[in-house]
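Right, one structure below, let's go through it.
This structure is a prediction, so every number in the text was calculated from the model and none was measured.
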Amino acid sequence: MNFKSFKSAVRVSAVVASAAMAMSLSGVVHAASGDVAVNPPTKVMIDMQQFDQRISQLPQLANVKAGNVVTLADDGSITGATWQGNYVYRPAGTVINAGSSFYARWKDGVVTLTPTPAKLSGQAAPGTLDASYVENNADGSSNQTIRTLVVDSSDTTVLRIPDNAWLVRMNAQGQYVALVDMFEFQGGNQPTTLQQQAELMNGTVDTTFTVNQPVPVVAGQ
(Lines give C-alpha, C1' and ligand atoms only; values in the text may rest on other atoms or scores of the structure.)
Protein backbone atom coordinates (compact mmCIF):
# COMPACT_ATOMS: atom_id res chain seq x y z
CA MET A 1 0.00 0.00 0.00
CA ASN A 2 1.29 3.47 -0.83
CA PHE A 3 1.21 5.66 2.27
CA LYS A 4 2.30 8.93 0.65
CA SER A 5 -1.26 10.21 0.98
CA PHE A 6 -0.91 10.12 4.75
CA LYS A 7 2.08 12.52 4.85
CA SER A 8 0.07 15.74 5.14
CA ALA A 9 -1.82 14.48 8.18
CA VAL A 10 1.35 13.05 9.66
CA ARG A 11 3.20 16.35 9.25
CA VAL A 12 0.48 18.28 11.07
CA SER A 13 0.49 15.80 13.94
CA ALA A 14 4.29 15.80 13.96
CA VAL A 15 4.41 19.58 14.50
CA VAL A 16 2.23 19.24 17.60
CA ALA A 17 4.19 16.24 18.80
CA SER A 18 7.49 18.01 18.21
CA ALA A 19 6.52 20.94 20.42
CA ALA A 20 5.61 18.60 23.24
CA MET A 21 8.66 16.43 22.78
CA ALA A 22 10.99 19.44 22.74
CA MET A 23 9.93 20.15 26.33
CA SER A 24 10.12 16.56 27.53
CA LEU A 25 13.42 15.75 25.81
CA SER A 26 15.29 18.83 26.98
CA GLY A 27 16.45 16.88 30.03
CA VAL A 28 17.21 13.58 28.27
CA VAL A 29 21.02 13.58 28.30
CA HIS A 30 23.17 10.62 29.24
CA ALA A 31 26.91 10.17 29.68
CA ALA A 32 28.90 10.48 26.47
CA SER A 33 31.89 8.46 25.34
CA GLY A 34 35.04 8.33 27.44
CA ASP A 35 35.67 11.20 29.81
CA VAL A 36 34.25 13.88 27.52
CA ALA A 37 31.72 16.03 29.38
CA VAL A 38 28.41 16.62 27.63
CA ASN A 39 27.22 20.20 27.68
CA PRO A 40 23.55 20.98 28.35
CA PRO A 41 21.19 20.76 25.34
CA THR A 42 21.35 23.76 23.06
CA LYS A 43 18.20 25.39 21.73
CA VAL A 44 19.11 24.26 18.21
CA MET A 45 16.55 22.06 16.47
CA ILE A 46 17.29 20.74 12.98
CA ASP A 47 14.64 18.96 10.94
CA MET A 48 15.75 16.19 8.64
CA GLN A 49 14.96 18.15 5.48
CA GLN A 50 17.57 20.67 6.61
CA PHE A 51 19.93 17.97 7.87
CA ASP A 52 19.82 16.08 4.55
CA GLN A 53 20.88 19.10 2.46
CA ARG A 54 23.94 18.60 0.25
CA ILE A 55 26.00 21.44 1.71
CA SER A 56 29.27 21.19 3.64
CA GLN A 57 28.20 23.13 6.72
CA LEU A 58 24.72 23.57 8.13
CA PRO A 59 23.96 27.21 9.11
CA GLN A 60 22.14 25.90 12.19
CA LEU A 61 25.48 24.60 13.55
CA ALA A 62 27.32 27.93 13.27
CA ASN A 63 27.39 28.45 17.05
CA VAL A 64 27.27 24.82 18.14
CA LYS A 65 30.44 23.48 19.79
CA ALA A 66 31.78 19.96 20.12
CA GLY A 67 29.85 18.22 22.90
CA ASN A 68 26.76 20.40 22.59
CA VAL A 69 23.45 18.58 22.29
CA VAL A 70 21.18 19.40 19.38
CA THR A 71 17.68 18.15 18.64
CA LEU A 72 17.00 16.34 15.37
CA ALA A 73 13.45 15.59 14.21
CA ASP A 74 11.56 14.27 11.21
CA ASP A 75 7.93 14.47 10.09
CA GLY A 76 8.33 11.35 7.97
CA SER A 77 9.43 13.10 4.79
CA ILE A 78 13.08 11.94 4.94
CA THR A 79 13.19 8.79 7.07
CA GLY A 80 9.63 7.57 6.57
CA ALA A 81 8.93 7.93 10.32
CA THR A 82 8.02 10.67 12.79
CA TRP A 83 10.43 11.09 15.70
CA GLN A 84 12.54 13.50 17.72
CA GLY A 85 15.78 12.95 19.60
CA ASN A 86 18.80 14.51 21.27
CA TYR A 87 22.21 14.06 19.64
CA VAL A 88 25.68 15.14 20.83
CA TYR A 89 27.63 17.01 18.16
CA ARG A 90 30.97 15.32 17.42
CA PRO A 91 32.61 17.33 14.63
CA ALA A 92 35.21 15.89 12.28
CA GLY A 93 38.50 15.44 14.11
CA THR A 94 37.06 14.37 17.47
CA VAL A 95 37.31 10.95 19.11
CA ILE A 96 34.05 8.97 19.08
CA ASN A 97 32.82 5.92 20.98
CA ALA A 98 32.53 2.96 18.62
CA GLY A 99 29.89 1.46 20.90
CA SER A 100 27.46 4.34 20.30
CA SER A 101 25.04 5.04 17.44
CA PHE A 102 25.39 8.08 15.19
CA TYR A 103 24.27 10.08 12.24
CA ALA A 104 27.31 10.76 10.06
CA ARG A 105 26.91 13.80 7.81
CA TRP A 106 29.06 15.41 5.16
CA LYS A 107 28.38 17.46 2.03
CA ASP A 108 27.57 14.40 -0.09
CA GLY A 109 25.59 12.21 2.26
CA VAL A 110 23.85 11.29 5.49
CA VAL A 111 24.16 7.77 6.93
CA THR A 112 23.42 6.12 10.25
CA LEU A 113 26.20 4.27 12.05
CA THR A 114 25.33 1.56 14.56
CA PRO A 115 27.49 -1.09 16.27
CA THR A 116 27.75 -4.24 14.17
CA PRO A 117 25.74 -6.95 15.98
CA ALA A 118 27.16 -10.34 16.87
CA LYS A 119 26.31 -13.02 14.32
CA LEU A 120 25.37 -15.59 16.97
CA SER A 121 23.56 -15.28 20.28
CA GLY A 122 26.04 -14.98 23.14
CA GLN A 123 28.88 -14.14 20.78
CA ALA A 124 30.86 -10.94 21.38
CA ALA A 125 30.10 -8.09 18.99
CA PRO A 126 32.92 -7.57 16.46
CA GLY A 127 33.57 -3.94 17.50
CA THR A 128 32.86 -2.42 14.09
CA LEU A 129 30.16 -0.10 12.77
CA ASP A 130 27.39 -0.68 10.24
CA ALA A 131 26.36 2.11 7.86
CA SER A 132 22.74 2.29 6.70
CA TYR A 133 22.03 4.59 3.77
CA VAL A 134 20.36 5.04 0.39
CA GLU A 135 22.46 3.63 -2.44
CA ASN A 136 21.89 5.12 -5.89
CA ASN A 137 22.13 2.66 -8.76
CA ALA A 138 23.41 3.23 -12.29
CA ASP A 139 19.90 2.86 -13.73
CA GLY A 140 18.63 5.77 -11.61
CA SER A 141 16.87 3.60 -9.02
CA SER A 142 17.78 3.57 -5.32
CA ASN A 143 17.63 1.07 -2.50
CA GLN A 144 18.20 0.84 1.24
CA THR A 145 21.62 -0.61 2.04
CA ILE A 146 23.44 -1.72 5.19
CA ARG A 147 27.21 -2.20 4.94
CA THR A 148 29.81 -2.86 7.62
CA LEU A 149 32.68 -0.37 7.47
CA VAL A 150 35.90 -1.82 6.05
CA VAL A 151 39.57 -0.90 6.21
CA ASP A 152 40.62 1.18 3.21
CA SER A 153 43.09 -0.60 0.93
CA SER A 154 45.27 2.49 0.48
CA ASP A 155 45.28 3.60 4.15
CA THR A 156 44.85 0.89 6.79
CA THR A 157 44.07 3.45 9.50
CA VAL A 158 40.86 4.46 7.71
CA LEU A 159 37.43 2.81 7.94
CA ARG A 160 35.09 3.49 5.07
CA ILE A 161 31.79 2.43 3.56
CA PRO A 162 32.75 -0.21 0.96
CA ASP A 163 33.37 1.62 -2.34
CA ASN A 164 32.14 4.81 -0.71
CA ALA A 165 33.03 7.53 1.80
CA TRP A 166 35.85 7.55 4.36
CA LEU A 167 34.19 8.03 7.78
CA VAL A 168 36.59 7.07 10.58
CA ARG A 169 40.33 6.97 11.24
CA MET A 170 41.94 4.81 13.92
CA ASN A 171 44.59 6.71 15.91
CA ALA A 172 47.70 5.29 17.57
CA GLN A 173 45.71 4.47 20.70
CA GLY A 174 43.18 2.42 18.72
CA GLN A 175 40.47 5.05 19.15
CA TYR A 176 38.05 6.05 16.39
CA VAL A 177 38.44 9.62 15.15
CA ALA A 178 35.59 11.06 13.06
CA LEU A 179 36.53 12.15 9.55
CA VAL A 180 33.08 13.72 9.01
CA ASP A 181 30.64 15.38 11.39
CA MET A 182 29.00 12.86 13.72
CA PHE A 183 25.88 13.20 15.88
CA GLU A 184 25.87 10.71 18.76
CA PHE A 185 22.42 9.51 19.82
CA GLN A 186 21.58 10.21 23.47
CA GLY A 187 17.82 9.70 23.82
CA GLY A 188 14.45 10.38 22.25
CA ASN A 189 11.00 9.04 21.48
CA GLN A 190 10.05 5.82 19.68
CA PRO A 191 9.79 6.53 15.94
CA THR A 192 6.42 5.88 14.31
CA THR A 193 6.50 4.89 10.65
CA LEU A 194 4.04 6.22 8.09
CA GLN A 195 2.74 2.67 7.73
CA GLN A 196 2.04 2.52 11.47
CA GLN A 197 0.30 5.90 11.26
CA ALA A 198 -1.97 4.49 8.56
CA GLU A 199 -2.65 1.34 10.57
CA LEU A 200 -3.53 3.41 13.64
CA MET A 201 -6.05 5.32 11.55
CA ASN A 202 -7.57 1.99 10.51
CA GLY A 203 -7.63 0.72 14.08
CA THR A 204 -4.94 -1.91 13.59
CA VAL A 205 -1.19 -1.71 14.14
CA ASP A 206 1.61 -4.25 14.34
CA THR A 207 3.18 -3.53 17.72
CA THR A 208 5.97 -6.04 17.10
CA PHE A 209 7.46 -3.87 14.34
CA THR A 210 9.78 -1.20 15.74
CA VAL A 211 12.20 1.34 14.32
CA ASN A 212 14.96 2.73 16.49
CA GLN A 213 16.89 5.98 16.41
CA PRO A 214 18.93 6.96 14.53
CA VAL A 215 16.50 6.31 11.71
CA PRO A 216 18.08 5.87 8.25
CA VAL A 217 17.13 8.05 5.30
CA VAL A 218 14.62 6.04 3.26
CA ALA A 219 14.92 5.38 -0.48
CA GLY A 220 12.19 7.16 -2.43
CA GLN A 221 11.35 9.68 0.29
Side-chain angles (χ1 to χ4, degrees), residues 7 10-11 14-15 17-19 21-23 25-26 28-30 32-33 36-97 100-114 129 131-136 142 144 149 159-161 164-169 176-189 191 211-221:
K7 283 190 175 180
V10 170
R11 287 171 179 160
V15 170
S18 294
M21 285 304 302
M23 296 177 65
L25 289 177
S26 60
V28 183
V29 183
H30 307 291
S33 58
V36 179
V38 177
N39 295 326
T42 68
K43 293 185 178 180
V44 175
M45 178 180 287
I46 305 173
D47 67 51
M48 288 303 290
Q49 292 189 42
Q50 297 167 327
F51 194 74
D52 197 40
Q53 293 180 88
R54 296 299 179 259
I55 55 177
S56 58
Q57 183 63 45
L58 292 174
Q60 294 85 354
L61 297 177
N63 298 314
V64 177
K65 308 299 183 185
N68 283 157
V69 178
V70 300
T71 300
L72 301 180
D74 191 28
D75 63 1
S77 60
I78 301 299
T79 64
T82 60
W83 53 269
Q84 184 172 305
N86 284 339
Y87 288 77
V88 179
Y89 179 46
R90 309 287 188 199
T94 57
V95 173
I96 63 169
N97 179 5
S100 294
S101 297
F102 304 86
Y103 275 110
R105 185 195 177 281
W106 66 104
K107 68 180 182 66
D108 294 321
V110 169
V111 304
T112 65
L113 293 176
T114 54
L129 291 166
S132 182
Y133 60 102
V134 175
E135 186 174 49
N136 296 315
S142 60
Q144 200 72 33
L149 301 188
L159 293 176
R160 69 182 300 170
I161 299 172
N164 205 302
W166 289 19
L167 297 183
V168 176
R169 184 182 297 277
Y176 283 8
V177 178
L179 296 178
V180 300
D181 285 351
M182 301 276 189
F183 297 78
E184 182 180 3
F185 177 59
Q186 294 296 291
N189 67 330
V211 177
N212 298 316
Q213 294 196 51
V215 189
V217 174
V218 175
Q221 292 298 113

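Using a 4.5 Å heavy-atom cutoff, the side chains of Leu179 and Arg160 are not in contact. Considering only heavy atoms from C-beta on, Ile161 comes within 4.5 Å of Leu149 through its side chain. Taking the side chain as every heavy atom from C-beta outward, Phe51 and Ile78 never approach each other to under 4.5 Å. Proximity of Gln60 to Val70: side-chain heavy atoms (C-beta onward) are nowhere separated by under 4.5 Å. The side-chain heavy atoms of Gln213 and Thr112, taken from C-beta on, include no pair separated by under 4.5 Å. Side-chain contact check for Tyr133 versus Asn164: some heavy-atom pair is nearer than 4.5 Å. Using a 4.5 Å heavy-atom threshold, the side chains of Lys107 and Val180 count as separate.
Not a single donor-acceptor pair under 3.5 Å links the side chain of Gln84 to the backbone N or O of Thr71. Listed for the Asp74 side chain is no donor-acceptor partner under 3.5 Å among the backbone atoms of Thr82.
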Would Ile96 and Leu113 count as a side chain to side chain contact (heavy atoms under 4.5 Å, CB included) if you check the C-alpha gap in whole Å, the side-chain angles of each, and the deciding distance to 0.1 Å? CA-CA 12 Å; Ile96 63 169; Leu113 293 176; 5.6 Å; no
Given the rule in the side chain to side chain contact (heavy atoms under 4.5 Å, CB included) test, do Leu167 and Val111 qualify, once you have shown the distances and angles that lead to the verdict? CA-CA 10 Å; Leu167 297 183; Val111 304; 4.2 Å; yes
Evaluate side chain to side chain contact (heavy atoms under 4.5 Å, CB included) for Tyr103 paired with Val215, printing each intermediate quantity in order. CA-CA 9 Å; Tyr103 275 110; Val215 189; 4.0 Å; yes
Walk me through whether Trp83 and Val211 qualify under side chain to side chain contact (heavy atoms under 4.5 Å, CB included). CA-CA 10 Å; Trp83 53 269; Val211 177; over 6 Å; no
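Annotation: the span from Leu61 atom CG to Ile46 atom CD1 amounts to 4.0 Å, rounded to 0.5 Å. To the nearest 0.5 Å, atom CG of residue Leu159 and atom OH of residue Tyr176 are 5.0 Å apart. With rounding to the nearest 0.5 angstrom, the CZ atom of Arg105 is 8.0 Å from the CZ atom of Arg54.
The minimum heavy-atom distance linking Ala104 with Met182 is given by the pair CB-SD, 3.6 Å. Here the shortest heavy-atom pairing between Ala178 and Pro91 reads CB-O, 4.2 Å. Scanning both residues, Ser101 and Thr114, for their nearest heavy atoms gives OG-CG2, 3.7 Å. Val218 approaches Val134 most closely through the heavy-atom pair C-CG2, 3.7 Å. Counting all heavy atoms, side chain and backbone alike, Phe185 lies closest to Pro214 at CB-CD, 4.4 Å.
Ring centroids of Phe183 and Phe102 are separated by 6.0 Å or more, keeping the two rings apart.
For Asn63, the CG atom sits in a loose shell: 12 or fewer heavy atoms of surrounding residues, nucleotides or ligands are nearer than 6.0 Å.
Gln144 meets the side-chain hydrogen bond (donor to acceptor under 3.5 Å, both in side chains) test with no other residue; sequence neighbours excluded. For Asp47, the side-chain hydrogen bond (donor to acceptor under 3.5 Å, both in side chains) test picks out no residue, with sequence neighbours left out.
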